[in-house]
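See structure below.
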Amino acid sequence: MEVVHPEYVPDPALSREEMEALQRDLAADAVFSDDLDVDPAEIALDEPPTENATLGGDADAPVVVGIDQAFTDDEAVSAAVAIRDGSVVETVEGRAPLDIPYIPGLLAFREGGCILDALRRLDVDPDLLVLDGSGRIHFREAGIATHIGVAVDTPSVGVAKNLLCGTPRTPLDEGPFPEGTKIPIEADDSMTTPDGTVVGHALQSRQYPNPERRHVNPLVVSPGHRVSAETTVGVVDALCAGYKLPEPTRLADAAADDLKSR
DNA sequence: GCGACAG
DNA sequence: ATCTTGTCGC
């Protein structure tokens with residue numbers, strides 16, 4: 001696939017002020033309502049995808065791509081795994097030097113280059129990108145899922161393990177919550193978004209039989225680009241197949257890990 | 001000055 | 001994110 005907006009390619013050499021300005025610009029181009037080329041209801045997985053399937057499968061089924069990174073001392077490696085009709089149809093990798101440290105709110109400038117490097121090598125055309133981290137749940141509505149989604153103008157969602165900002169309608173420390181629980185997350189005064197706007201959800205994708213003994217924390221999902229908050233939770237939920245993480249990110253996670261160990 | 005923060 | 005074996009619970 002191609003980068004449609006080169007001006008939004010995250011440049012680690014920018015000053016903090018320039019980075020934030022770029023985020024405000026791209027957030028203005030972000031679409032937080034449904035504008036997909038496929039019916040989101042057709043995006044689902046009942047079981048973990050089958051490894052590599054060059055032949056067979058419905059060639060017209062939606063292509064969902066999971067992306068994740070692993071790190072060494074000075075380099076980031078990214079793995080993008082494309083899934084269609086229940087099987088992995090393509091896997092690519094990307095690399096980039098680590099030029100700046102992790103700074104909350106500026107994650108895309110540390111990991112974005114590596115991700116775009118991988119996505120450019122992708123032959124299939126993704127209908128949805130699933131990224132690690134926030135999308136609209138961000139101080140300037142420009143989390144890494146939004147940043148990447150807008151740069152390639154492709155529907156995207158963000159899946160995070162922790163909350164960056166915003167206020168859950170039910171405090172997350174009031175858990176454990178039963179599997180399937182969806183808690184709206186509203187914008188607060190730490191964000192540019194009008195207060196009370198639902199910018200994402202906490203999603204209890206998995207829970208143990210006896211949460212009192214041992215429990216799982218919810219995921220934090222938010223729209224990246226061209227997807228609404230409601231559709232985002234529904235789709236991520238449908239992409240889970242028995243594990244806490246949705247299959248696209250689980251597979252990308254594993255792929256990135258063994259790329260690192262090589 | 002205080003607080004608070006994805007990966 | 002990363003450094004790392006065993007260990008708890010179902």
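All values below were derived from every heavy atom in this structure, side-chain atoms included, with hydrogens, water molecules and symmetry-related copies excluded. By convention in this document, chain letters (A, B, ...) are assigned in the order of the sequence lines, proteins followed by strands, and residues within each chain are numbered from 1. Because the structure is predicted, anything quoted here is derived from the model rather than measured.
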Looking at A/Y243, I'd like to know if the NZ or CZ of A/R250 sits under 6.0 Å from its six-membered ring centre while staying within 45 degrees of the ring's axis.
yes
Rounded interatomic separation in angstrom, taking NZ from A/K161 and C1' from B/dC5
16 Å
Leading and trailing nucleotides of DNA chain C with any atom under 4.0 Å from heavy atoms of chain A:
C/dA1 to C/dC10
Within the 4.0 Å heavy-atom criterion, would you say A/I137 contacts the bases, only the backbone, or no part of the nucleic acid?
nothing
Using a heavy-atom cut-off of under 4.0 Å over every strand shown, decide if A/Y102 touches base, sugar-phosphate, or nothing.
base
Could you say whether A/Y208 or A/D132 is positioned toward the 5' end of DNA chain C, judged by the nucleotide with the nearest heavy atom to each?
A/D132
Touch class at under 4.0 angstrom, heavy-atom based, for A/R213 against every strand present
sugar-phosphate
Take atom CD1 of A/I148 and atom C1' of B/dA6, then tell me their distance rounded to the nearest Å.
14 Å
Quick one: label A/A145 by what it contacts on the DNA or RNA (base, sugar-phosphate, nothing), any heavy atom closer than 4.0 Å.
nothing
What do the steps show when you test A/E179 against A/R206 for salt bridge (Lys or Arg N to Asp or Glu O under 4.0 Å), and what is the final call?
CA-CA 5 Å; A/E179 204 166 289; A/R206 184 185 174 178; 5.3 Å; no
Starting at the 5' end of DNA chain C, which residue's closest nucleotide do you reach first, A/D68 or A/N210?
A/D68
Calculate the interatomic distance between A/N162 atom CG and B/dG7 atom C1'; express it in whole Å.
9 Å
Closest non-hydrogen atom pair between A/I67 and A/A80, with its separation:
CG1-CB, 4.0 Å
When rounded to whole Å, the CG to C1' distance for the pair A/L219 and B/dA6 reads 13 Å
A/F139 CZ - B/dA6 C1' separation (whole Å)
9 Å
Mind checking whether A/K161 and A/D132 have side chains closer than 4.5 Å, heavy atoms only?
yes
Establish, for the pair A/R226 and A/F32, whether the NZ or CZ atom is under 6.0 angstrom from the six-membered ring centre and no further than 45 degrees off its axis.
no
When the distance from CD of A/Q23 to C1' of B/dC5 is rounded to whole Å, what number comes out?
13 Å
Could you check whether A/L131 gets within reach of a base, just the sugar-phosphate, or nothing at all, counting any heavy atom under 4.0 Å?
nothing
Run the side-chain hydrogen bond (donor to acceptor under 3.5 Å, both in side chains) test on A/D25 and A/Y8 for me, step by step, so that the C-alpha distance in whole Å, both residues' side-chain angles and the decisive distance to 0.1 Å come before the verdict.
CA-CA 9 Å; A/D25 287 350; A/Y8 293 144; 5.8 Å; no
Protein-nucleotide distance (A/I185, atom CD1; B/dC5, atom C1'), rounded to Å
14 Å
A/M191 CE - B/dC5 P separation (whole Å)
12 Å
How close do A/E7 and A/L22 get, heavy atom to heavy atom, and via which atoms?
O-CD1, 3.3 Å
